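Naming: A, B, ... by sequence-line order, numbering from 1 per chain. As the structure is a prediction and not an experimental result, all values here were calculated from the model.
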There are 2 protein chains.
Amino acid sequence: MAVTTAGRGRRRAVARGTGATLADRLEALERQGYRATPQRRAILAAVLGAGRINVSAEEVCGRAKALCPTVNLATTYRTLDLLKRLGIVRRVTYGDGRGVFCANPDPHYHGTCLQCGAVVDLPRGRIADVLEREQRGLTDPAFAVVGHRVEFYGYCDACRSAGRTGAIL
Amino acid sequence: MAVTTAGRGRRRAVARGTGATLADRLEALERQGYRATPQRRAILAAVLGAGRINVSAEEVCGRAKALCPTVNLATTYRTLDLLKRLGIVRRVTYGDGRGVFCANPDPHYHGTCLQCGAVVDLPRGRIADVLEREQRGLTDPAFAVVGHRVEFYGYCDACRSAGRTGAIL
DNA sequence: TATGCGTTGAGAATGACTCTCATCGGCCCC
DNA sequence: GGGGCCGATGAGAGTCATTCTCAACGCATA
Ligand SMILES: [Zn+2]
Ligand SMILES: [Zn+2]
Ligand SMILES: [Zn+2]
Ligand SMILES: [Zn+2]
C-alpha cells in the first residue's frame, strides 16, 4: 500500500463503517489543526493496513518504515497517542498490559489468542445491551459503576490450524 | 494481623467462601510441596488483609515487611506468582497493565476507579450467565472463543465522598 | 559435621513506554 | 529570498513494573 498525497475530499467506496478510509482520517486530522506529515500518513496507513488484526506500536513502526523510512518509534508512539486522542484509532490493552492499536470504527469486541497473543476484532453480539442493563443494576455502596469493558479469549485461526491450542500464555 | 505458626488442620469460622483463611491457604501451599516460610506467610497475610481492595505487589511487599522485615520485592513477586499458579490468589490486570492481587475465592468481578485507580471486588450479578450464553453464540471463522473477562469502571467510595469524580485517568 | 536443595536478597536486566532536547521543515513577514 | 516562528521529528536517556541471576542462607537428612 502506498501513501497517496492526500485524497482531499475524494470519497472511495466505504470499507467498514463511517470515515474508514485513510483519506477521511487524514482529513479529520488536518481539520483539527494537525499536519498530515509523511510520518503520520505512513503510521495511519500501517494501522489501517493491519485489518482485523490489531497491531503493537512496534509493528506499526516497522510497517510504517516501509512507507516512510524516517519514522521512528518515538514518533510512532506520539502519533498513535494523538490519533487516539482524536478518536481516529483505539488503543486496546492486551492481557499483560501491552497495548495494541485498532482502527476499526465500528463497535466491536476484541479476542486475545491464548497461544500467540494476537488480538483480533470480533463482531459485536447482543452483549452490549445486556451489560448496559446489568451495569445499572450493579448498585454497590462502595463503588459507582459508570462503564465496562469485555474481552474474549480463545484461539486465533492461525494457531488453530497449526494445532497449537493448549497453552496457558 | 499477626502471622501465626501454622494452624495445621485447625478450622476457623469460614470467612468468605471455601478455604478463605490464612491457615487453609498455608495448608494448601504445604500440601503441594512448598515450604510455608515466614516470608510467604507474611505475603499471604498481606494480600488477605487487604479485604475487598486489591493490592499491587509493591503494596503487598510493604504490608508484608511489617510482619516479616526481611521480605523483599523480588520474593514478593516470586511468591505472588507461586500463589497464582496454585490458585490461591488471582492477579487482575488493571487498566494500564499493572497488576493487582486478589485473594477473594468467590466468583466476582472487579471495578477500577477512574480517579484513583483502586481495584475493588464487586458482587457478581447475572452477567456471567448472559456472557456465557453469548460467548457460545460468538462463532467466528477466524477466532474460537473459549472464555471472557469483564471489567467495570467507575468511582470508588473514597473518591465519591471526596467529590473527585471527573477525571479521565 | 557434611551434603543437598529449596528459598532468599540484592542488584542487574528487560521491555514497553515517555521525556528531553537539539534539529528540521514549512510558512508568514519583511 | 532571507530570517524568525513553531509544530514535528529522531536519537537517546529516563521511568517503572516486572523478571532474571547468582551468591548466600536455612533446614532437613545422612
Ligand atoms: Zn494465535
Ligand atoms: Zn478492534
Ligand atoms: Zn477512587
Ligand atoms: Zn477480586
Among dT9(D), dT8(C), dC17(C), the one nearest Thr79(A) by side-chain distance: dT9(D)
Validation row, ring centre Phe152(A) to ring centre Tyr109(A) under 6.0 Å: yes
Verdict with reasoning, Asp81(A) to Arg78(A), per salt bridge (charged side-chain N to carboxylate O under 4.0 Å, His left out): CA-CA 5 Å; Asp81(A) 187 61; Arg78(A) 258 192 305 246; over 6 Å; no
Euclidean distance, atom CZ of residue Arg98(B) to atom C1' of dT19(D) [Å, nearest integer]: 18 Å
Interatomic distance, Arg35(A) CZ vs dG26(C) C1' [rounded to whole Å]: 6 Å
Given dA11(D), dA10(C), dT18(D), the nucleotide with the shortest approach to the side chain of Ala74(B): dA10(C)
Sugar-phosphate, base or nothing in reach of Arg40(B), heavy atoms under 4.0 Å: sugar-phosphate
For atom CD of Glu30(A) and atom C1' of dG7(D), their distance in whole Å: 14 Å
d(CG, Leu80(B); C1', dT7(C)) in whole Å: 15 Å
Rounded distance in Å - OH (Tyr34(A)) to P (dG26(C)): 21 Å
Linked, directly or transitively: Leu29(A) and Phe101(A) (ILVMFWY side chains, under 4.5 Å): yes
From dA17(D), dA10(C), dA16(C), nucleotide with atom closest to Tyr77(B) side chain: dA17(D)
Nearest-nucleotide pick for Thr75(B), side chain only, options being dT8(C), dT18(D), dT9(D): dT8(C)
Arg78(B) CZ - dC25(D) C1' separation (whole Å): 13 Å
Any side-chain donor near an acceptor of the partner, Thr112(A) and Glu151(A), under 3.5 Å: yes
Short side-chain N/O contact from Thr37(B) to OP1 or OP2 of dT8(C), under 4.0 Å: yes
Name of the residue among Thr93(B), Asn104(B), Asp121(B) meeting side-chain hydrogen bond (donor to acceptor under 3.5 Å, both in side chains) with His110(B): Asp121(B)
Nearest-Å distance for atom pair CD/C1', residues Gln39(B) and dA10(C): 14 Å
Distance in angstrom units between Asn72(A) CG and dT18(C) C1', rounded: 13 Å
